[in-house]
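The basis for the numbers below is simple: all heavy atoms, side chains too, and nothing from hydrogens, waters or symmetry mates.
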Amino acid sequence: MSHETVNQETITTTRVIELASRPTGRPVPENFRLAEAAIPELEDGQVLVRNLFISVDPYMRGRMNDVKSYSAPFGVGEALDGGAIGEVIASRSPDRKVGDVVVHSLGWREHSVADAGSTTVASTDLAPASAFLGALGMTGLTAYAGLLKVAEFKEGDAVFVSGAAGAVGSLVGQIAKAMGASRVIGSAGSQEKVDRLLELGFDAAFNYHDGPVKDQLKEAAGEAGIDVYFDNVGGEHLEAALSVLNVGGRVAMCGAIAQYNATEPTPAPHNLMLAIGKQLTLRGFLVGGQRQHAAEFASRMSRWLADGTIRYDETVVDGLENAPQAFMDLLDGANTGKMLVRM
């Protein structure tokens, strides 16, 4: 039985971004290519989506390398993919109708053909569509589950977040405040971002370019130290946190953006032995392993956004052709909040 409700023949091709070559170190424009691709005919159970926003995220840098990792590497000469949200414009599924706004993982293109079962309908009466790639999407779940489930945050904990003005970090700090943290400290890469963190309710924030991270963190934490470190950066930040964490402290290891473009081995924290005497817990995690918390997260985050407890920032770049530059800028820290490309 066909559920197609729009004449798909009106759209036969779409624009996509392909991986032209694998980057060595920092990605450059030549690693990407804007191309035309044919849109396949819909099969039963599929939908055609006109994308509204696509997400560019730091983890995508790892997928550009031809190495075995937790997600398959991108293929050279093939379209990239990643989080996206768009409007269903043709459907051959009883579960999705034309006009539905859906989240899916076939970004880096203007139109996507997806299995209806792999899409999630976004309630755009709750928040604008773009929020479902950020605060109400994987980004928000990463912050929520990483802090509360992985780092086992409890009321009264002092929390330090690195990359705190980014999409995940800015939410971690605000969730910690909402849940009763005694103190929330953030690090960021510019004075403007530091000012924004203080506006969002962080108790202290510092620019990691202003001096050694350890010294600035010690000053911000004071005698009380920190109980939880949410790590988006790795390297010097992780080393600093290990030195300031209290006995029984917990680290949620979410990302290591300081090391993503490295071509040489990066120095590990030189003080890892502190984890023994302080009885620290360091836990790496992927958001894919936290999906069981999605419903709890969505219900809480919707309330926090509705009553203004949590606010979110977006850096929006227009046009698919500018997606590679947006991604390169993201790796350089040019974004405040979630980096998105509007189609």
Side-chain angles (χ1 to χ4, degrees), residues 58 139-140 142-191 193-259 268-272 274-275 277-285 310 333 336-337:
T139 302
T142 303
Y144 181 87
L147 179 68
L148 300 183
K149 311 299 180 182
V150 178
E152 298 178 350
F153 168 88
K154 55 188 187 299
E155 192 177 349
D157 280 343
V159 177
F160 171 47
V161 191
S162 56
V168 171
S170 55
L171 294 173
V172 171
Q174 293 180 83
I175 293 169
K177 289 299 285 184
M179 299 294 286
S182 60
R183 188 164 180 76
V184 175
I185 302 162
S187 74
S190 72
Q191 187 55 47
K193 289 181 177 181
V194 165
D195 293 344
R196 181 57 181 153
L197 293 177
L198 298 174
E199 284 173 12
L200 290 175
F202 281 67
D203 297 291
F206 60 85
N207 179 349
Y208 59 81
H209 295 298
D210 286 351
V213 176
K214 185 164 82 172
D215 296 348
Q216 296 195 75
L217 177 57
K218 275 189 166 152
E219 187 181 339
E223 292 297 311
I226 58 171
D227 304 296
V228 169
Y229 171 45
F230 194 105
D231 189 15
N232 291 308
V233 175
E236 187 193 354
H237 275 80
L238 179 54
E239 187 164 301
L242 291 172
S243 71
V244 181
L245 275 158
N246 295 323
V247 171
R250 287 92 64 208
V251 180
M253 302 177 73
C254 178
I257 199 166
Q259 297 162 25
H270 296 96
N271 58 349
L272 196 55
L274 288 175
K278 291 186 177 186
Q279 300 162 67
L280 304 179
T281 304
L282 283 71
R283 282 179 69 189
F285 76 102
I310 288 182
T336 299

Go through the steps to decide whether Ile175 and Ile310 satisfy the test side chain to side chain contact (heavy atoms under 4.5 Å, CB included), and finish with yes or no.
CA-CA 7 Å; Ile175 293 169; Ile310 288 182; 3.6 Å; yes
Applying side chain to side chain contact (heavy atoms under 4.5 Å, CB included), run through Ile257 and Asn232 and close with a yes or a no.
CA-CA 7 Å; Ile257 199 166; Asn232 291 308; 5.8 Å; no
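- Atom CG of Leu147 is separated from atom CZ of Arg250 by 9.5 Å, given to the nearest 0.5 angstrom.
- With Asp227 contributing its side chain and Ala158 its backbone, the two residues share a donor-acceptor pair below 3.5 Å.
- In this structure, CD in Gln259 is found 8.5 Å from CG in Leu238, a value given to the nearest 0.5 Å.
- With rounding to the nearest 0.5 angstrom, the CD atom of Glu236 is 9.5 Å from the OG atom of Ser187.
- Using a distance-only test at 3.5 Å, with no hydrogens or angles considered, a donor-acceptor pair links the side chain of Lys278 to the main chain of Ser243.
- In this structure the side chain of Leu200 reaches within 4.5 angstrom of the side chain of Ser170, judged on heavy atoms.
- Arg183 places a side-chain N or O within 3.5 Å of a backbone atom of Ala220 that can act as its donor or acceptor partner.
- Side-chain contact check for Phe206 versus Leu217: some heavy-atom pair is nearer than 4.5 Å.
- How far CD of Glu219 is from CD1 of Ile185: 10.5 Å, rounded to the nearest 0.5 Å.
- Salt bridge present: Asp157 and Lys154 bring a charged side-chain N and a carboxylate O closer than 4.0 Å.
- Atom CG of Leu282 sits about 6.5 Å away from atom CG of Leu272, to the nearest 0.5 Å.
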Given Phe230 and Ser162, is the side chain to side chain contact (heavy atoms under 4.5 Å, CB included) satisfied, shown in steps?
CA-CA 7 Å; Phe230 194 105; Ser162 56; over 6 Å; no
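- A donor-acceptor distance shorter than 3.5 angstrom exists from the side chain of Asp203 to the backbone of Val184, with no hydrogens or angles considered.
- Judged by distance alone, with hydrogens and angles left aside, the side-chain atoms of Gln174 form no donor-acceptor pair with the main-chain N or O of Gly201 at under 3.5 Å.
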For His237 and Tyr229, run side chain to side chain contact (heavy atoms under 4.5 Å, CB included): C-alpha distance rounded to whole Å, both residues' side-chain angles, the deciding distance at 0.1 Å, then the answer.
CA-CA 10 Å; His237 275 80; Tyr229 171 45; 3.3 Å; yes
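- When side chains are defined from C-beta on, Leu148 counts as touching Met179, because their heavy atoms get closer than 4.5 Å.
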